[in-house]
Trainee: 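This is the structure I have questions about; it appears just below.
Nothing fancy with the numbering, it's 1 onward along the sequence.
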Amino acid sequence: MSRTRPAQPDPRATLRSGLPDRYLTPDDIAEMFGVPLETVYQWRKKRTGPPGFRIGKHVRYDPAEVRAYVTQRKNVDRVAA
């Protein structure tokens with residue numbers, strides 16, 4: 001009998017369908033925004049992307065703060081247009 005792993009939810013659907021019950025990883029952020037992982041790390045270094053925090057040596061992102069970041073960016077773009 002083979003065991004199948006449960007499918008991981010698509011991180012890109014996170015902002016569309018609701019907040020996950022876990023903190024997001026840099027890989028999740030990269031996939032969600034369709035950018036390379038290195039871009040996520042550069043955003044963090046330059047403090048231009050969604051705010052992250054450290055748990056030990058790991059960087060994590062609060063889904064609520066990622067959603068707020070996206071909303072804020074959309075509003076800035078609308079005002080600039």
Side-chain angles (χ1 to χ4, degrees):
M1 185 190 284
S2 66
R3 287 186 174 177
T4 58
R5 288 180 135 177
Q8 289 284 50
D10 180 5
R12 292 172 291 186
T14 300
L15 295 176
R16 291 183 298 238
S17 65
L19 302 175
D21 58 355
R22 64 177 178 85
Y23 291 115
L24 302 170
T25 66
D27 288 324
D28 293 334
I29 298 296
E31 190 170 336
M32 199 180 300
F33 289 110
V35 298
L37 182 59
E38 185 59 32
T39 299
V40 175
Y41 288 121
Q42 287 299 316
W43 286 345
R44 181 160 165 76
K45 183 177 179 181
K46 295 175 183 178
R47 299 176 191 258
T48 59
F53 60 95
R54 284 197 169 279
I55 297 179
K57 65 179 182 175
H58 303 284
V59 176
R60 295 293 182 259
Y61 296 85
D62 184 334
E65 289 186 13
V66 172
R67 181 181 286 266
Y69 169 78
V70 169
T71 301
Q72 184 258 342
R73 292 299 312 153
K74 285 169 51 176
N75 290 338
V76 166
D77 288 346
R78 286 185 186 134
V79 171

Trainee: Just jot down the ring pair (Phe, Tyr, Trp, His ring centres under 6.0 Å) partners of Phe53, sequence neighbours excluded, or say none.
Mentor: Tyr23
Trainee: Give every donor-acceptor pair under 3.5 Å between a side-chain atom in residues 35-43 and any protein atom, sequence neighbours left out.
Mentor:
from: Glu38; atom 1: OE2; to: Gln42; atom 2: NE2; distance (Å): 3.1

Trainee: Supply the atom-to-atom distance Asp62 CG to Arg67 CZ, rounded to the nearest 0.5 angstrom.
Mentor: 11.5 Å
Trainee: How far apart are the closest heavy atoms of Phe33 and Pro50, and which atoms are they?
Mentor: CE1-CG, 4.3 Å
Trainee: With rounding to the nearest 0.5 Å, note down the distance linking CG in Leu24 to CD in Glu31.
Mentor: 11.0 Å
Trainee: Give a yes or no on whether Arg47 atom CZ has more than 12 heavy-atom contacts from other residues, nucleotides or ligands under 6.0 Å away.
Mentor: no
Trainee: Sub-3.5 Å donor-acceptor pair from the side chain of Arg44 to the main-chain atoms of Gly52, do we have one?
Mentor: yes
